[in-house]
Amino acid sequence: MHGADPPTRAPAGTAALNDPQRAAVEHEAGPLLVFAGAGSGKTRVITHRIARLLEHHRVPPYRVLAVTFTNKAAAEMRARVSALAGPEVTSDLWAGTFHAVCARLLRRYHAEVGLERSFTIYDDSDQRALVARVAKTLGYDDRQHPPKQVLSWIHAQKREARAPGEAEPILPAHAAAAEIYGGYQRALAAANAVDFDDLLLHVMRLAESESPAGSELRARFSHVLVDEFQDTNAVQYRLVRALAARERNVCVVGDDDQSIYRWRGADVRIILGFRRDFPDAAVVKLEQNYRSTANVVRAALAVIEPAREREPKRLWTASPPGDPICIRGVRDEREEATMVVRQVAEERARGVGPRDIAVFYRTHAQSRVLEEAFRGARIPYQVIGGHRFFDRAEVKDLLAYLRLIANPRSDADLLRVVNVPTRGIGDKTIDRVLSVAAARGTSAWDAIDAAASELGSGPRSRLVAFRDAVAELRRAAPGITVHDLAERVLETTGYRAALVKADDAESDARLENLAELLGSIQEWEDETRGAGREPELADYLERVALASAVDLAGDEGAVSLMTVHAAKGLEFRVVLLTGMEEEVFPYRGLDGAAPEELDEERRLAYVAITRARERLVASFATLRTLFGRTRWGEPSRFLEALPSEIVRGEGLARDFGQRRASSRRAPGERWVEPEEAACSASAWGDDPAREVTTARPTGAAARSAEPAEAPAAGPRLRRGDAVRHARFGRGVVESGDGASIVSVRFATVGTKRIDARFLERAAPS
DNA sequence: AGCATCTGTTTTTTT
DNA sequence: AACAGATGCT
């Protein structure tokens with residue numbers, strides 16, 4: 001499913017489907033629930049089923065809705081249906097993520113929910129900024145009500161389809177949050193904007209309503225198919241139920257073992273809800289895995305089986321055992337990165353293509369060391385997700401201009417660019433405009449004229465000039481391509497000129513990024529025309545707003561680095577699973593993990609393992625620095641769970657037992673025998689550097705990177721302690737709780753932040 | 001207005 | 001360790 005690999009294992013054609021697959025494909029009418037184990041040919045079933053609906057049952061393509069987890073998956077589905085049923089039918093097929101499908105429907109039914117057709121989709125930072133602004137207007141202190149927390153509470157409400165008035169204030173702070181929620185929704189409406197949740201909520205409410213649009217929506221699709229159903233939230237489910245209400249031809253496909261998005265409102269119990277709402281649903285279980293070797297399947301089962309509350313099922317495979325699971329203990333994350341790079345080089349030498357190799361980690365923070373190693377080894381790689389291209393300031397600026405042109409009422413965008421580049425529109429002027437807007441309940445754009453009359457002539461003329469510049473671009477927009485519009489923005493706003501004038505390394509980089517953005521716009525326009533549609537600004541902005549990490553990944557011949565979450569739905573010949581230590585994976589936040597959370601980690605590990613077709617290499621580090629903390633790590637319980645007969649390397653369960661038993665090893669003890677550590681001796685075994693890299697640190701003096709337990713720290717200092725510094729003299733600790741850096745107020749030089757090692761205790765004055 | 005600096009803050013996972 | 005946001009300074 002990743003890259004251009006055709007499905008090689010299960011042959012094409014309906015005849016080649018196995019029994020349950022065929023049952024799911026040929027299921028005639030009415031609700032259908034498919035439990036699809038990892039690698040069980042789920043995508044085949046969905047594509048064959050759609051092709052059959054189109055060909056055999058003569059269902060018009062525009063009456064089929066297929067919801068996928070990423071837009072890339074939708075595109076692939078389209079392509080595969082085309083291959084089966086002919087290309088002409090699939091352009092009218094409705095296929096996309098919940099969000100993309102709803103955005104498209106909203107462009108049609110915008111008036112019914114009080115939006116203009118050109119509404120803007122607010123991303124995370126837009127949302128947070130808006131919450132902060134609303135909270136401030138309502139007079140709330142942002143320390144007492146941090147926008148981030150308020151926003152996440154608002155999201156929690158919206159995921160349960162609760163309007164501001166219906167929200168449940170459990171804590172006192174929630175009353176404030178509820179009020180902010182109300183103001184937030186009003187501000188969105190004034191800005192002709194929606195957030196991600198609104199895309200779903202608006203359409204759900206419409207589809208459940210008795211309005212003409214509601215009945216139209218309920219009759220619109222004769223068949224609704226939902227992939228990755230286990231990660232559906234309450235709103236998404238209600239939406240599906242409503243859209244399928246008329247004909248009840250709803251087919252949901254999922255795997256409760258792969259439910260990994262509880263934290264954003266997905267609820268496996270939705271499957272129970274489905275069975276309640278559609279008691280007559282046919283149930284099909286796809287249990288044969290075609291993707292992976294038997295060893296990989298066994299490993300995956302060993303990890304998932306202890307999970308509570310699983311749908312009874314039995315994943316099996318007819319594949320040969322294949323290579324054992326390779327487990328590698330390394331000293332720290334740097335050595336892990338070295339190991340990963342070598343393994344990749346070895347796989348490449350064996351003829352495995354770069355696209356067939358993936359490196360997984362639990363959190364994005366782990367990617368940096370890996371990236372450095374890849375760069376050092378000059379191996380092409382791409383990071384999926386993480387710090388995104390579209391997060392860069394200059395890219396956001398240009399997009400903000402484009403969004404403002406499409407929808408001038410979008411306050412978030414106006415505020416972002418009104419003084420970028422600097423044009424003498426300062427805080428005072430902006431405050432004026434905002435307070436007029438707030439007083440009238442309009443957007444900032446609509447308040448400009450009224451506000452301008454209250455301003456002095458200088459600020460007024462600058463503000464009006466900005467308004468006219470945007471208005472002029474807006475007039476020009478329909479007549480030119482998106483690319484040319486973006487180009488014109490850079491020219492007429494002076495944005496490019498400002499960067500050229502600055503003439504330093506940073507502005508050069510920014511210009512390059514902008515050139516890249518322009519190039520990608522051009523590329524998108526070419527693609528869109530190639531698909532026979534006229535590229536429109538609104539479509540482009542929507543695509544940018546709703547693209548997932550995987551959607552944005554190029555198809556270059558590069559090794560992919562990604563979080564396990566991003567790997568969902570993908571597969572690779574070789575998977576390198578890094579950071580397999582307790583606390584890292586399973587991830588343990590500050591508070592101890594609840595059992596449900598641990599189960600989610602378990603399912604996440606299951607997803608990770610089942611991505612591998614041929615080979616799985618898992619690594620753990622004795623010492624890991626993450627989020628600025630260096631700590632000892634123990635091998636993950638998910639490694640311990642693996643049966644020793646399918647494992648090679650030093651991952652045998654009894655080794656773990658020994659290591660557990662002796663929490664502190666004897667100084668100088670080697671716990672990695674080189675012969676054992678080498679899963680394939682060729683690349684890893686015969687390296688002179690191995691002595692250094694695989695031996696565990698011999699006591700505290702071995703390296704400069706020390707674990708938190710044995711820091712080379714000065715005295716443990718607390719607030720109020722009197723200290724002495726060689727140069728600054730006497731001082732008093734102002735903050736710091738035993739950490740190595742403390743803040744000290746000196747009599748001589750004022751307050752300094754300083755490493756505790758340079759301090760000694762002094763007698764209290 | 002704009003810069004620098006400092007501070008606190010944050011890091012699970014994302015449409 | 002890295003970042004964003006805020007504050008204070010020029």
Think His155(A) has a side-chain N or O under 4.0 angstrom from the OP1 or OP2 of dT14(B)?
no
DNA chain B nearest-nucleotide lookup for Gly426(A) and Leu604(A): closer to the 5′ end is Gly426(A)
Value in whole Å for how far the P atom of dA1(B) lies from CD1 of Ile425(A)
9 Å
Measure the distance from CZ on Arg128(A) to P on dA4(C) and round it to the nearest whole Å.
10 Å
Regarding Arg624(A) and Asp332(A), does a basic nitrogen lie under 4.0 Å from an acidic carboxylate oxygen?
no
As a test of understanding, state which of Val303(A), Val607(A), Ile304(A) forms a side-chain contact (heavy atoms from CB on, under 4.5 Å) with Asp257(A).
Ile304(A)
Whole Å only: how far is the CZ atom of Arg392(A) from the C1' atom of dA4(C)?
17 Å
Quick test of the criterion, 5.5 Å between centres and less than 30° between planes. Is Tyr261(A) stacked on dT14(B) or not?
no
Does Asp124(A) reach a base, just sugar-phosphate, or nothing at all? Heavy atoms under 4.0 Å.
base
note: Arg603(A), atom CZ; dT13(B), atom P; distance rounded to Å ~ 18 Å
Length of the line joining Asn233(A):CG and dT14(B):P, which is rounded to integer Å
17 Å
Is Thr563(A) close enough to dT14(B) that one of its side-chain N or O atoms is under 4.0 Å from OP1 or OP2 there?
yes
Options dT11(B), dT13(B), dT15(B), nucleotide nearest the side-chain atoms of His364(A)
dT13(B)
Once you round it to whole Å, what is the distance between C1' of dT11(B) and CZ of Arg631(A)?
13 Å
Per nearest nucleotide of DNA chain B, the residue lying toward the 5' end, Arg462(A) or Phe98(A), is Arg462(A)
Does dT15(B) have OP1 or OP2 sitting under 4.0 Å from an N or O in the side chain of Arg264(A)?
no
Check the distance between dT13(B)'s C1' and Glu228(A)'s CD and give it to me in whole angstrom.
15 Å
Side chain to side chain donor-acceptor pair (under 3.5 Å) partners of Gln149(A), counting only residues at least two apart
none
Would you please indicate yes or no on a ring centroid separation below 6.0 angstrom for Tyr261(A) and His565(A)?
yes
To the nearest angstrom, how far is His565(A) atom NE2 from dT11(B) atom P?
16 Å
Of all the choices, dT13(B), dA1(B), dT15(B), which nucleotide is nearest to the side chain of Asn419(A) once you look at every atom?
dA1(B)
Closer than 4.0 Å, any side-chain N/O of Lys148(A) to the OP1 or OP2 of dT11(B)?
yes
Side-chain donor-acceptor pairs under 3.5 Å in residues 128-138 of chain A, sequence neighbours left out?
from: Thr137(A); atom 1: OG1; to: Arg133(A); atom 2: O; distance (Å): 2.6

